[in-house]
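Everything numeric in this text was worked out from a predicted model, so none of it was measured. Quick note: residue numbers are just sequence positions, from 1.
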Amino acid sequence: MTASTPTPRVAVAFHSGYGHTAVLAEAVRRGAEKAGAEVAFIPVDAITDEQWAQLDAADAIVFGSPTYMGGASAGFHAFAEATSGRYLTSTWADKIAAGFTNSASKSGDKLNALNFMTALAAQHHMIWVGLGLAPGWNALTATEDDLNRLGFWLGAGAQTPQDGGTETVHSSDIATAGHLGARVAVQARIRVAGTSALAA
């Protein structure tokens, strides 16, 4: 990319019930910023008009939610339903989208939460970006400290003990979320550069 390529704008739109998902959201933000993006950090349970405008202006939106009872949280669902006006006007069409989630169990049916996010993105005509990592911790030579230790492809999946504080979010899961943020920022930059080139 050249110095004249516009800086990609990434929004991290997340709900966090007990703070664990917020730790991952911060990691996504750091990863995107290190990859050169301007990042809007948006807790969706207290979203403002200014933050809605940031989502509308973003080149990419990374969705985040804990997995509760086998799906995305009620707080995230409320946000998703509130986007229906933007769905009707295709406001978010062709933006990059990605997602991350956390639950107390290793599986915890996290895939259902990620599937909900991909369906939400698809309804908005967005372009989904997966995690882009091979699974970790799946061989005798592997360790729990591998990136993508839980073996997700669709997005970043994390596991935190239900009775643990925010300090117990696993370092591998934090690093994996950071990888996702960087990947989204790179893909957003490519899209912005391509759009600029086509418009020239």
Side-chain angles (χ1 to χ4, degrees), residues 10-34 39-48 51 61-83 97-121 129-184:
V10 175
V12 183
F14 69 97
H15 175 248
S16 185
Y18 299 95
H20 307 107
T21 307
V23 171
L24 299 170
E26 286 280 6
V28 172
R29 170 162 64 176
R30 289 193 302 272
E33 287 176 342
K34 286 181 182 178
V39 182
F41 195 69
I42 303 174
V44 299
D45 54 342
I47 193 167
T48 65
Q51 289 170 327
I61 301 174
V62 186
F63 300 118
S65 170
T67 297
Y68 292 156
M69 302 305 294
S73 66
F76 188 83
H77 272 267
F79 159 72
E81 290 175 19
T83 70
F100 61 95
T101 188
N102 177 78
S103 71
S105 300
K106 289 290 192 293
S107 171
D109 290 325
K110 284 186 274 282
L111 188 57
N112 288 332
L114 291 172
N115 279 330
F116 177 74
M117 294 174 198
T118 60
L120 174 66
V129 171
L131 184 57
L133 282 174
W137 200 25
N138 65 352
L140 292 175
T141 56
T143 77
E144 192 174 1
D145 295 320
D146 293 342
L147 287 179
N148 195 20
R149 69 188 180 110
L150 300 180
F152 281 84
W153 284 266
L154 200 58
Q159 179 269 331
T160 308
Q162 64 180 358
D163 54 352
T166 56
E167 74 283 356
T168 63
V169 179
H170 200 284
S171 59
S172 167
D173 296 340
I174 293 171
T176 300
H179 167 88
L180 179 65
R183 178 170 166 79
V184 168

- Query: If every non-hydrogen atom of Leu114 is compared with every non-hydrogen atom of Phe152, which pair is closest and at what distance?
  - Reply: CD1-CD2, 3.8 Å
- Which heavy atom of Ala158 sits nearest a heavy atom of Leu24, and at what distance? CB-CD1, 3.5 Å
- Query: Under the salt bridge (charged side-chain N to carboxylate O under 4.0 Å, His left out) rule, what pairs show up with a residue in residues 130-150, not counting sequence neighbours?
  - Reply: Glu144-Arg149, Arg149-Asp173
- Contacts of Gln51 meeting side chain to side chain contact (heavy atoms under 4.5 Å, CB included) (sequence neighbours excluded), chain-then-number -> Ile42, Pro43, Ile47, Thr48, Gln54
- To the nearest 0.5 Å, atom OG of Ser103 lies from atom CG of Leu111 at 11.5 Å
- Item | Which residues share a side chain to side chain contact (heavy atoms under 4.5 Å, CB included) with Ser105, sequence neighbours left out | none
- Message: For Gln159 versus Ala104, what's the shortest heavy-atom pair and its separation?
- Response: NE2-O, 2.8 Å
- Quick one: salt bridge (charged side-chain N to carboxylate O under 4.0 Å, His left out) pairs with a partner in residues 20-30, sequence neighbours left out? Glu26-Arg29
Run the side-chain donor-acceptor check on residues 177-184: report pairs under 3.5 Å with partners two or more places apart or on a different chain.
from, atom 1, to, atom 2, distance (Å)
His179, NE2, Leu131, O, 3.0
Arg183, NE, Gly130, O, 2.7

- Counterpart residues, side chain to side chain contact (heavy atoms under 4.5 Å, CB included), relative to Ser16 (two or more places apart): Phe14, Thr21, Ala22
- Once you round to the nearest 0.5 Å, how far does OG1 of Thr160 lie from CD of Glu167? 10.0 Å
- Task: Taking atom types as modelled, find out whether Asn148 and Thr176 have a side-chain donor-acceptor pair closer than 3.5 angstrom.
- Result: no
- Query: Mind checking what makes side chain to side chain contact (heavy atoms under 4.5 Å, CB included) contact with Ala139, not counting sequence neighbours?
  - Reply: Thr141, Ala142
Extract all donor-acceptor atom pairs below 3.5 Å that involve side chains of residues 62-81 and protein atoms in other chains or at least two apart in sequence.
from, atom 1, to, atom 2, distance (Å)
Ser65, OG, Ser73, N, 3.1
Ser65, OG, Ser73, OG, 3.3
Thr67, OG1, Thr101, OG1, 2.7
Ser73, OG, His15, ND1, 2.7
Ser73, OG, Phe76, N, 3.2

- Item | Pairs flagged by salt bridge (charged side-chain N to carboxylate O under 4.0 Å, His left out) wherever residues 99-121 is involved - sequence neighbours left out | none
- Task: Measure the CG-CG distance between Leu147 and Leu133 for me, rounded to the nearest 0.5 Å.
- Result: 5.5 Å
- Compare all side-chain heavy atoms of Val12 with those of Phe100 and state whether any distance is below 4.5 angstrom. yes
- Sequence neighbours excluded, the answer for side-chain hydrogen bond (donor to acceptor under 3.5 Å, both in side chains) partners of Thr83 is His124
- Item | Partner set under salt bridge (Lys or Arg N to Asp or Glu O under 4.0 Å) for Glu33, not counting sequence neighbours | none
